[in-house]
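The model shown is predicted, which means the values in this text are computed figures rather than measured ones.
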Amino acid sequence: PTPAAVIAAEAAAAAGTKGFGTDMVLDRWDAEWTRNAAGGGGHYVYPVHSSHAVLRAPSLPAALYLTLLRFLARRYHDVCKLSDLCVSESEPTPEEAQLWGAFGGVASDPAPDATAARLRLSMAAAATPAEALLPWETHAELAAYVSSWRHVSAACRLTANEEQELLEALPQEIIKAPVLANRASYLYLRGRVSKDEAVGHPKQPKHGSGLAHHPRKGSSGGGSSAACPLVYPEAPHHSAFDAVEDRSCLEDGVMGEGPLGRLAGLTHSFVQYEEKDVTGVAGLAKIGEWLDAGSLALDGAQGFPLLFELLTSSVPLHVLPGDDPHRWGCALLRFVPPEQSLRRGTLMSTLRMLASSPALAAAAPKVEDRGMGARMTAMFVQDGAIGMLLRRVQPFLRERAKEVGGVPASQAAHWSSRKYSPPGEVEVPDCLGPSGMASDAARWALPRFPNSACKSRVFPLSHHLGGGAGQWGGPNLNAVDLLSLVDQPLAQLGLERFFSLGDSNNGGGGGGG
């Protein structure tokens with residue numbers, strides 16, 4: 001009987017829309033697409049094997065369309081198997097070009113297996129005219145694949161040789177990227193292992209029993225015979241605010257560069273803020289006003305006095321009901337200009353110490369008098385209002401520093417003990433242990449054999465093509481076929497025409513044909 005055929009316009013297209021949800025809908029009324037597809041017919045016909053388990057793509061466009069539908073359905077393993085069919089040395093026809101363009105709908109699928117499937121298609125189209133039609137960049141996909149390699153399933157994963165082939169095809173400027181450069185170095189060094197050892201199948205010794213282990217030249221037998229150097233991206237620039245070690249507020253006197261060391265020049269007084277002006281929306285607007293003023297320089301109008309009173313919770317700033325003014329002070333403290341915050345000075349050191357502990361800041365002396373008399377007094381005092389406050393704050397901090405646990409460690413001491421230094425190289429696994437296989441061999445033992453999941457075949461009593469069931473089930477199943485399947489599955493091939501049975505006792509073998 002002739003093989004069954006499937007019209008893939010409706011059923012296959014409906015299945016293809018399930019993978020990407022309701023936002024992915026196939027347009028079956030696109031006139032240009034229909035005009036180019038299948039010679040204007042708009043349908044692709046796929047012959048089906050008599051086992052009803054395998055489809056055959058009769059042409060390159062049919063293979064591309066089937067691959068696209070499998071991709072849309074997120075059947076990535078099938079895409080990897082079909083990728084070898086999506087290749088041709090000739091110039092793409094308008095039909096093939098529009099099918100390659102349709103893969104743009106799956107170019108943004110972030111699944112690790114999807115990345116591997118796109119690389120499979122890139123390998124199939126490499127060095128062919130279709131390579132220019134790929135709606136993704138191979139080097140970007142390869143970098144994403146390397147980054148998510150441990151999450152790619154074994155059925156979709158590329159072999160080490162395939163990865164090397166893709167890496168060698170990249171321009172030198174691109175392969176200098178740390179992710180790709182490290183991968184290329186590792187694969188190169190690992191390629192020195194024999195193929196059998198690399199995939200975890202060491203050869204059996206010819207004589208004796210057991211498995212022998214023969215380290216490679218240069219191997220110590222207990223480590224790695226090679227080390228892969230690592231390349232790191234340039235470290236991003238970040239503020240050194242937390243790296244400053246400054247305890248000058250515990251010293252006698254006042255120190256600092258410029259006006260910060262001569263408090264008499266700082267005529268700024270401590271402003272009394274009404275609660276309604278720093279609560280809710282008004283409080284948020286007040287923060288914007290402070291920041292829009294330019295900066296929170298310590299010698300500015302919104303400098304040390306404002307930050308000190310926020311840290312001591314004297315300014316009741318509550319954008320939300322549960323806000324803590326001390327936290328707002330810690331956040332705004334980082335807006336102090338770097339030329340002041342990254343240098344040692346009494347004012348900045350005092351603020352740093354108060355920011356390190358809410359309990360210490362709550363117990364610190366506060367501004368007591370804010371009236372006109374206090375302002376007039378500050379004008380005739382050598383150090384001004386800020387100096388008058390520091391005369392009470394500095395002794396308080398010195399007394400707390402003498403107590404056990406009275407003053408917390410600085411942020412610089414906290415982070416210096418947690419500094420991370422990345423390794424300069426990683427070891428390439430050698431063939432260790434009595435089995436003589438690499439320690440990471442299981443990750444590279446990829447399945448490369450046909451699908452063997454179909455352990456049994458079901459013969460339904462009805463047939464999907466219609467027609468009444470015969471005596472033995474389907475309309476094409478008769479008694480002869482049934483006996484052959486039960487006793488001699490290959491009987492229908494007529495092998496008796498080529499072989500004759502002989503007597504094994506007489507040394508007779510097969511003959512004929």
Side-chain angles (χ1 to χ4, degrees), residues 76 104 106-123 126 131 134-154 156-193 198 223-245 331 334-335 337-339 341-342 410-430 438-440 443-444 446:
Y76 306 120
V106 297
S108 58
D109 188 349
D113 282 0
T115 303
R118 287 191 288 267
L119 286 178
R120 290 282 184 186
L121 292 172
S122 296
M123 292 183 63
E131 185 176 13
L134 293 176
W136 54 75
E137 295 291 342
T138 301
H139 66 87
E141 296 295 332
L142 186 55
Y145 172 83
V146 172
S147 300
S148 59
W149 182 78
R150 64 177 63 248
H151 303 291
V152 180
S153 63
C156 299
R157 192 175 292 175
L158 278 66
T159 64
N161 291 336
E162 289 171 338
E163 283 191 52
Q164 285 183 308
E165 181 181 342
L166 288 171
L167 287 168
E168 291 172 357
L170 297 178
Q172 289 298 322
E173 292 300 322
I174 293 178
I175 205 173
K176 289 181 180 178
V179 172
L180 299 179
N182 293 336
R183 188 64 167 180
S185 299
Y186 181 84
L187 292 176
Y188 171 76
L189 293 174
R190 201 180 192 284
R192 297 165 58 187
V193 184
S224 174
S225 64
C228 175
L230 297 178
V231 180
Y232 290 96
E234 184 179 355
H237 175 73
H238 60 278
S239 173
F241 182 89
D242 293 320
V244 177
E245 180 68 37
R334 295 178 178 270
F335 286 87
E339 56 269 18
S341 63
L342 300 184
S410 64
Q411 289 289 334
H414 173 79
W415 290 112
S416 62
S417 62
R418 290 165 171 79
K419 186 177 181 180
Y420 173 74
S421 297
E425 58 185 23
V426 294
E427 294 182 348
V428 179
D430 202 346
S439 59
D440 64 343
R443 295 186 177 185
W444 296 93
L446 308 181

### Derivation and outcome, side-chain contact (heavy atoms from CB on, under 4.5 Å), residues D109 and R118
CA-CA 10 Å; D109 188 349; R118 287 191 288 267; 3.7 Å; yes

Please give me the minimum heavy-atom distance between [X] and [Y], naming the atom from each residue.
{"X": "P135", "Y": "G104", "answer": "CG-N, 3.5 Å"}
{"X": "A184", "Y": "I175", "answer": "CB-CD1, 4.4 Å"}
{"X": "L170", "Y": "H139", "answer": "CD2-CB, 3.7 Å"}
{"X": "C228", "Y": "Y186", "answer": "SG-N, 3.5 Å"}
{"X": "V152", "Y": "A116", "answer": "CG1-CB, 3.9 Å"}
{"X": "L142", "Y": "L166", "answer": "CD2-CB, 4.0 Å"}

### Query
Under the salt bridge (Lys or Arg N to Asp or Glu O under 4.0 Å) test, which residues partner E173, sequence neighbours left out?
K176

### Query
Any donor and acceptor pair, going by atom type alone, linking the side chain of Y232 with main-chain N or O of G424 inside 3.5 Å?
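Checked: no pair found.
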
### Query
Are the side chain of R120 and the backbone of T115 linked by a donor-acceptor contact shorter than 3.5 Å?
no

### Task
May I have the step-by-step check of side-chain contact (heavy atoms from CB on, under 4.5 Å) for M123 and L158, ending in yes or no?
CA-CA 11 Å; M123 292 183 63; L158 278 66; 3.9 Å; yes

Less than 4.5 Å apart, any side-chain heavy atom of [X] and any of [Y]?
{"X": "L180", "Y": "I174", "result": "yes"}
{"X": "S122", "Y": "L134", "result": "yes"}
{"X": "Y145", "Y": "E163", "result": "yes"}

### Task
Identify, with sequence neighbours excluded, every residue that meets side chain to side chain donor-acceptor pair (under 3.5 Å) alongside S410.
E245

### Spacing of S153 atom OG and H151 atom NE2 [to the nearest 0.5 Å]
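Output value for this atom pair is 12.5 Å.
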
### Task
Output the distance between atom CG (L119) and atom CD (E165), rounded to the nearest 0.5 Å.
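Those atoms lie 11.5 Å apart.
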
### Message
Looking at D242 and R334, is any side-chain nitrogen of the basic one under 4.0 Å from a carboxylate oxygen of the acidic one?
### Response
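Salt bridge: yes.
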
#### Entry: V179 vs S147, side-chain contact (heavy atoms from CB on, under 4.5 Å): CA-CA, chis, key distance, verdict
CA-CA 7 Å; V179 172; S147 300; 4.0 Å; yes

